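What follows is a single structure, written as structure tokens, with notes after it.
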Amino acid sequence: MKRYNHRQVEKKWQKFWAAKKFFSARDFDARKKQYVLFEFPYPSGAGLHVGHLRPYVATDILARWKRMEGANVLYPIGWDAFGLPTENYAIKNKIHPRIATDRNIKTFRRQLKATGLSLDWNREVDTTDPEYYKWTQWIFLKLFEAGLAYRAEIPINWCPFEKTGLANEEVVNGRHERCGTPVEKKLMKQWVIKITKYADRLIEDLELVDYPERVKTQQINWIGKSEGADIVFPIVDTQIKRFVLLHGRQGSPQDIFFPWLAQKLLDRGYKVEIPELPNPDKPNDLEQAEHVRKHCRLDAQTVILGHSFGGVVALRLLERGAKAHSVVLAATPISGRFNDNTKRPTVTEAVKRGFDFEKVRKSADRFIVLMDETDSIIPASDGEKLAQALGAEYRFIPGKSPHFTGSQEPGIYEAVLPSLRVFTTRADTIFGATHLVVAPEHPIVGWYLSHHHAVSGVWNIKEVSEYVVVAKKKTDITRLAEEKEKTGIELKRFSVSHPLSGRKLPVWVADYVMMGYGSGAIMAVPAHDERDFAFAKKYKIPFLPVIKPTSVDARDDRPEPSAVGRADIDLVASCWTGEGMLINSEKYNGLPSERARQNITWDLEKIGLGSKSVSYKLRDWVFSRQHYWGEPIPIIHCPDCGEVPVPEKDLPVLLPNVKRYEPTDTGESPLAAIAKFVNVKCPRCRGPAKRETDTMPNWAGSNWYFIRYADPKNKKDFASRKKIDYWLPVDLYIGGMEHTTLHLLYSRFIYKFLYDQGLLAGSEPYSKRRSNGVILAEDGRKMSKSYGNVVNPDDIIGEFGADTMRMYEMFLAPFDQMVPWDSRGVKGVRRFLDRVWIDINVMIKEKKWRRAQKTSSRQMSQAIRKITNDLGDLKFNTAISSLMIAFNGEGGRPDWRPKLNTEEKWEPVGGAESFDLAATEAFLKLLSPFAPHITEELWALLGHKESIQLERWPEYNESLLAKDTFKIPIQVNGKVRDVLEFAATAEQHEIETQALNSPKVEAHLKGKTIVRTIFVAGKMINFVVR
RNA sequence: GCCCGGGUGGUGGAAUGGUAUACACGAAGGACUUAAAAUCCUUUGCCCGCAAGGGCUUGUGGGUUCGAGUCCCACCCCGGGCACCA
């Protein structure tokens, strides 16, 4: 008997499959479609290791199984090939990344084919192919047009080793998740994608999909939605006495929010003037400014608000020497261009005169520029430019109505009334607020530091500025290392008033408050928040308990209300962060905290100093990378037109072929050095302009690749709508847990965005997601080249064959579990396949077949049922053990074939001499998804002309599953004392009688009385005795 | 600290509240062989016992139940995620 030669057999069938194109998915086929997907690989220079193959083999088994069940299976492959590992590899080895990528893909392709994966190679995609990344760029342009891609100067995570900015999701414990370098903060102008706008839907729609629970919770926690309230604390001692409010074009003092705002301010005891500006329909800024100058009092105690064109008027006033305490410019146009393409000649004429910003800046202490997010007419870039020119604080906020035309505009009220806004989830504790704490990056700190001259008295400018400098320098790593020891410093001579009690509260700066969350400021309630408690204790700030624990479990060792406000804080051992009943809270006393939270928020809203609010931990997605090997961002910067998208017909923006692609130290992409690439004509005005030189992160290409598989060669579209509608969503997506808050989140977001654009039919890309566990090296560590513990599939396939490797990887452990590789274990699977090979060969030679349409074997029927169910649940390990049991039998020969001796001295063991052909074939079919090569070969040896791949998945014979006899355990007081066999027809009294007669059972019944008998048909019988 | 998983033989692991330790690895003994490898057979949770048999056992302690690896409570340990998120 020839031994099984895997090298020869596997190659033969791999060629055969490729030639026959068995695995090509057919668009619009009438069979049920089944889209099985794994995360397409990053073709690194190291090649694949056995761990990478685990999800591939699993999906291959499922794809083959589904095909046999009659589905039209799409099982595609592609390459996620842009990105830094290849670039680093290329730089190190002095090979162009294009060449390195092609070389790596070749290796990967060979390894995947050698594994025998039934991939549809006709649909291969490559993210670095211009035909592909054209559409990645196109999607970016769609985001840009929708206002979801914007440029912002924000402190971003910067990896000093790879010299690039990173998304929040790429930072793990303060380090870059890929290279482990501690991440620094760097203030940079970056492209950012507004994923936060989808935060709610990314949470809610998890209900529509079948994901592992922990994947869902991880995403929910990452998005980190908190519902609470924004509360405004007006700044006191600001020397503000009066307000001058300037309406816009076609406006009047009686219009929109002006009456409401005026009343608010009058209520707080300020003087308010709203001049009726001349010629509101065809306003002239010079004329209007002159009018204001004549009729209103403007001095260092005045706040000027300019709404829309009123802002232009305000600028004119200040330019011409008018003074103000502070200036708020809301939705003010300065470019003279409008997004609705309507001409407003008076406005354009006014702004074309230009402004002397230098003079304007000197005329007031503080500037705030407000832009409305929902304003579709004034370009947002106007606001940014204005803010930059004035050194102003820039607030991009949603107005109640577009262009701030609501009858109430709290955002404007908050801006004109100098104030600090905090976010809290515990509005009920507001009377316990003893001070405010702001982040070192908070704009108020900058203002405090630069305007100390404005107010006399003891200001601790030096100390504060020193603290801020140190705090801003800290990396996340050093912050973590400090073991949460809190530091901070008070802004002396600066205070806010409590919106409900009116008490004065001091303001501190501390780095435990983060600028990126909420508004970067908090109200500190030391009695009811652990962090505030620790901070207050350290700086001896007296605290104020306002919630009395009411539950029995509550730690009740907190101070009595009589300790209120006392400075000797050592009395207090802990703070109470739970719910309870309000005390020391004026009219809210006695309310349960949850109720109080609502009432207080409502009341604050009524007086314009608060509102319900939601905060998220999720940040907008930093999308710029300062590197060569990525998709160029298709934007052109024009000095006149601003950010102009590259016209669709000019896509793709090709990555230029260059000699030097090392990253620079300046934070600029290497593309910036290529004059030919950078210098272009503005597509809008034809003037000289510069191309954006940052590239996209490699998540950009992987965001949507699974859509492209539906129609990979389409030149007109990212994929045809009809094909998308046929194939998507993905029926099963398998990948690693490590992508839960990266690729999986990003691609869900992009899919929703494309859905909103009307480009596809569903809002979720993956119906079902399952995670694969990582395969560790034998030493229990991660497989890594640097540890030298990598197991190469080439070696395993060479020695044992692909079938053995595939089955071993699936047999090793439950699929979603992390498990170390065990090189000794591989042999066991090979041993099994060898037995299958030898025995079936002997059977073929002996030709002693029982022929029948369907198997008469009960054991085989059970195996069919078990294996089919296990595949549905992705329980590959138990499916394989069932295959072994089906072949070897359980405690004796299987009923469908005689057990055989060694190949030389073959003889049936156990009497039976013929083999059930139907069962043998069913067995091979069951085995074929796991071990496709050996089963093809045996199938052919059985005399079949067609491939086993084209066979139908076996069905089990229901009637065979019912056993005619079964063994049941006889228990006494729950302990098994005997096991007896009964006919299936045996009734309870019969079983009971026999059980009681069993000598083993009798021994345990002696001298006792049976008080109860529990009988479960077909399962067990239990005598309860006393 | 918070949120998820998970603790079963020497090892990877199996078990709709109903015979715990399937399947496999490893180990021990045996057959074949000059020998080794390969292959085949037997044994293999722990303790007592010559045996028949008995007792114990699913991280620890309690509980529910005729019966708990499985359900409930508390604790310990391991892995993963988040981490001053107000």
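All figures in this text were calculated on a predicted structure; none of them were measured in a lab. The chains referred to below are lettered A, B, ... by the order of the sequence lines, with proteins before strands, and numbering in each begins at 1.
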*Which part of the nucleic acid, if any, lies within contact of A/Gly828, taking any heavy atom under 4.0 Å across all strands shown: a base, the sugar-phosphate backbone alone, or nothing?*
sugar-phosphate
*Which residues within residues 880-887 of chain A lie with some heavy atom under 4.0 Å of an atom in RNA chain B?*
A/Ser881, A/Met884, A/Ile885
*Examine B/A15: is either OP1 or OP2 under 4.0 Å from a nitrogen or oxygen in the side chain of A/Lys875? Give yes or no.*
yes
*asked:* Evaluate A/Glu39 against A/Arg769 for salt bridge (Lys or Arg N to Asp or Glu O under 4.0 Å), listing each step before the verdict.
replied: CA-CA 11 Å; A/Glu39 289 167 348; A/Arg769 165 83 177 187; 2.9 Å; yes
*To the nearest Å, how far apart are A/Leu744 CG and B/G81 P?*
16 Å
*Of the listed nucleotides B/C84, B/G18, B/A14, the one nearest the side chain of A/Thr878*: B/A14
_Distance check needed: B/C25 C1' versus A/Trp821 CH2, whole Å only._
13 Å
*Let me know the distance between CG of A/Asn221 and P of B/A83, rounded to the nearest Å.*
10 Å
*If you check the A/Lys827 side chain, which of B/G26, B/C56, B/G55 turns out closest?*
B/G26
*Can you tell me if the side-chain N/O atoms of A/Lys216 get under 4.0 Å from OP1 or OP2 in B/C4?*
no
*Determine: side-chain N/O of A/Arg214 to OP1/OP2 of B/C82, distance under 4.0 Å, yes or no.*
no
*asked:* A/Asp779: which residues meet the salt bridge (charged side-chain N to carboxylate O under 4.0 Å, His left out) condition with it, sequence neighbours left out?
replied: A/Arg781
*Using salt bridge (charged side-chain N to carboxylate O under 4.0 Å, His left out) as the criterion, list what pairs up with A/Arg865, not counting sequence neighbours.*
none
*Sequence neighbours excluded, which residues qualify as salt bridge (charged side-chain N to carboxylate O under 4.0 Å, His left out) partners of A/Lys216?*
none
*Would you check if A/Phe923 and A/Met860 make a side-chain contact, meaning some heavy-atom pair closer than 4.5 Å?*
yes
*asked:* Contact between A/Phe423 and A/Tyr517 at the side-chain level, heavy atoms closer than 4.5 Å - yes or no?
replied: yes
*Would you please indicate yes or no on a ring centroid separation below 6.0 angstrom for A/Phe533 and A/Trp576?*
no
_Under 4.0 Å, counting only non-hydrogen atoms across every strand here, what does A/Val976 touch: a base, just sugar-phosphate, or nothing?_
sugar-phosphate
*Measure the distance from NZ on A/Lys1000 to P on B/G55 and round it to the nearest whole Å.*
13 Å
_NZ/NE/NH1/NH2 to OD/OE distance under 4.0 Å, A/Arg824 and A/Glu778_ = no
*Does B/C2 have a Watson-Crick or wobble partner in any strand here, with both distances under 3.5 angstrom, and which is it?*
B/G81
*Euclidean distance for P, B/G54 against B/A20 (whole angstrom)*: 14 Å
Distances under 3.5 Å between nitrogen or oxygen atoms of protein and nucleotides 64-66 of chain B:
residue: B/C66; atom: OP1; partner: A/Arg1012; partner atom: NH1; Å: 3.0
residue: B/C66; atom: O2; partner: A/Asn1022; partner atom: ND2; Å: 2.6

*Ignoring the backbone of A/Val1016, work out which of B/G18, B/A86, B/G55 is nearest its side chain.*
B/G18
Please enumerate all protein N or O atoms sitting under 3.5 Å from an N or O of nucleotides 8-12 of chain B, with distances to 0.1 Å.
residue: B/G12; atom: O2'; partner: A/Leu812; partner atom: O; Å: 2.5

*Rounded to the nearest angstrom, tell me the gap between atom CD1 in A/Ile867 and atom P in B/A14.*
16 Å
*Checking all strands, does A/Asn877 fall into the base, sugar-phosphate, or nothing category for heavy-atom contacts under 4.0 angstrom?*
sugar-phosphate
_Atom-to-atom span, CZ of A/Arg831 to P of B/A37 - whole angstrom_ = 12 Å
*Please state the P separation for the pair B/U57 and B/G69 - nearest whole angstrom.*
10 Å
_A/Lys472 and A/Asp511 ion-paired at < 4.0 Å_ = no
*Value in whole Å for how far the P atom of B/C25 lies from CE of A/Met807*: 12 Å
*Counterpart base for B/U44, defined by Watson-Crick or G-U wobble contacts under 3.5 Å*: B/G26
*Non-hydrogen side-chain atoms of A/Val445 and A/Val438 separated by less than 4.5 Å*: yes
*Do A/Phe543 and A/His528 make the cut of ring centroids closer than 6.0 angstrom?*
no
